[in-house]
Amino acid sequence: MYRTLTKRYPDVRCELDFQDPFQLLVAVVLSAQCTDKRVNQVTPALFRRFKNPKAMAGAKVLEIEELIRSTGFFRIKAKNIKILSEMIMSNFAGQVPGTLEELITLPGVGRKTANVVLGHAFGIPGITVDTHFGRLSRRFGWTEENDPVKVEFAVAELIPQSEWTNLSQRMIWHGRRICHSRKPACGACPLSTLCPSYGMGEMDKVKALAMVKSDEDFR
DNA sequence: ATCCCGAGGG
DNA sequence: CCCTCTGGAT
């Protein structure tokens, strides 16, 4: 997703590419419920107009809204980006903060966004649990699906810290490109031999819930 | 019609 | 736990 990772793991297709922590943070905020393609479409103009937290803090919310309209949730995102920029200026001396606790004080920045920024802008390992993890959990009948923090801790137990950022990126990529909810590309999936729903195709929430339930009954 | 590389609020 | 916010893709 980001330059350092693109270089280190060339087989993972990375589509957002920002070295600057602030621009990375804003891009990840924009990527919620939105494709990378769309984010990459709006960021050049956005950062040409407001390239750092100082400029973004002085922006009119309406102008940010216009620049990011096509990314969805644009009113909330625009407001959050302005406030978050103001907070970076007033609370963090103009620098994107480098800890989880500080990052999640920013509006629009939760655990997932914070961990992505920590991993890619600061090299601090973290497990990034997104909705793909949940979907994968469903496919495997894991019942922790509704608690991302539990999944985060469980994965952290299993994987060496040095691989957390790499694994997270690969999982996100896997969910996006292979294990998506509509027509999962099971033929291209390295986990197909392990997956109890291999070849079932479409997995909606109703089916998934039934599967988890029957799995519980079985135990 | 239904979901999406979330987050925040009730 | 539930709901809302948004446009776009399928």
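Labels below follow one simple rule: chain letters A, B, ... track the order of the sequence lines, proteins then strands, and each chain is numbered from 1. Nothing here was measured: the structure is a model prediction, and the numbers come from that model.
Residue A:Leu24 contributes atom CG, which lies 18 Å from atom P of B:dC5 at whole-angstrom precision. Taking atom NZ on A:Lys79 and atom P on B:dG6, their separation rounds to 19 Å, with Å as the unit. What separates CD1 of A:Ile104 from P of B:dG9 is a distance of 13 Å, to the nearest Å. Atoms CD1 (A:Ile68) and P (C:dC5) sit 16 Å apart, rounded to a whole Å. The interatomic distance linking A:Gln33 (CD) with C:dT4 (P) rounds to 15 Å, in whole Å. At whole-Å resolution of the value, CG in A:Leu84 and P in B:dG6 are 16 Å apart. The distance from atom CG of A:Asp130 to atom C1' of B:dC5 is 5 Å, rounded to the nearest whole Å. Summarising the geometry, the separation between CD1 on A:Ile76 and P on B:dG8 is reported as 10 Å, rounded to the nearest angstrom.
For the atom pair OG1 of A:Thr71 and CD of A:Glu65, the computed distance is 10.5 Å after rounding to the nearest 0.5 Å.
Across every non-hydrogen atom of A:Cys34 and A:Val39, the tightest pair is SG-CG2, 4.0 Å. Nearest heavy atom pair, residue A:Phe50 against residue A:Leu67, reads CE1-CD1, 4.0 Å. Smallest separation of non-hydrogen atoms from A:Ile124 and A:Gly98: CD1-O, 3.3 Å.
Among the atoms of the strands shown, none is found under 4.0 Å from any heavy atom of A:Leu30. Using a 4.0 Å heavy-atom criterion, one finds that A:Val29 contacts no nucleic acid atom at all.
Summary of the strand contacts: A:Thr105 and A:Gly175 both lie near DNA chain B, and taking for each the nucleotide with the nearest heavy atom, the more 5' one is attributed to A:Gly175.
Centre separation under 5.5 Å together with a plane angle under 30° does not hold for the ring of A:Phe73 and the six-membered base ring of B:dA7, so they are not marked as stacked.
Every residue meeting the salt bridge (charged side-chain N to carboxylate O under 4.0 Å, His left out) condition with A:Arg111, not counting sequence neighbours, appears here in chain and number order: A:Glu152.
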Can you pull every protein N or O that's under 3.5 Å from an N or O on nucleotides 8-10 of chain C?
| from | atom 1 | to | atom 2 | distance (Å) |
| --- | --- | --- | --- | --- |
| C:dG8 | O3' | A:Arg38 | NH2 | 3.3 |
| C:dA9 | OP1 | A:Arg38 | NH2 | 2.6 |

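Across the P atoms, C:dT4 and B:dC3 are found 16 Å apart, a figure rounded to whole Å.
Residue pairs meeting the side chain to side chain donor-acceptor pair (under 3.5 Å) criterion with at least one partner in residues 83-95 of chain A, sequence neighbours excluded, are A:Lys82-A:Glu86.
Contact annotation: A:Thr113 side-chain N/O to B:dA7 OP1/OP2 distance is under 4.0 Å.
Checking side-chain atoms of A:Lys77 against main-chain N and O of A:Ala32 turns up a donor-acceptor pair under 3.5 Å.
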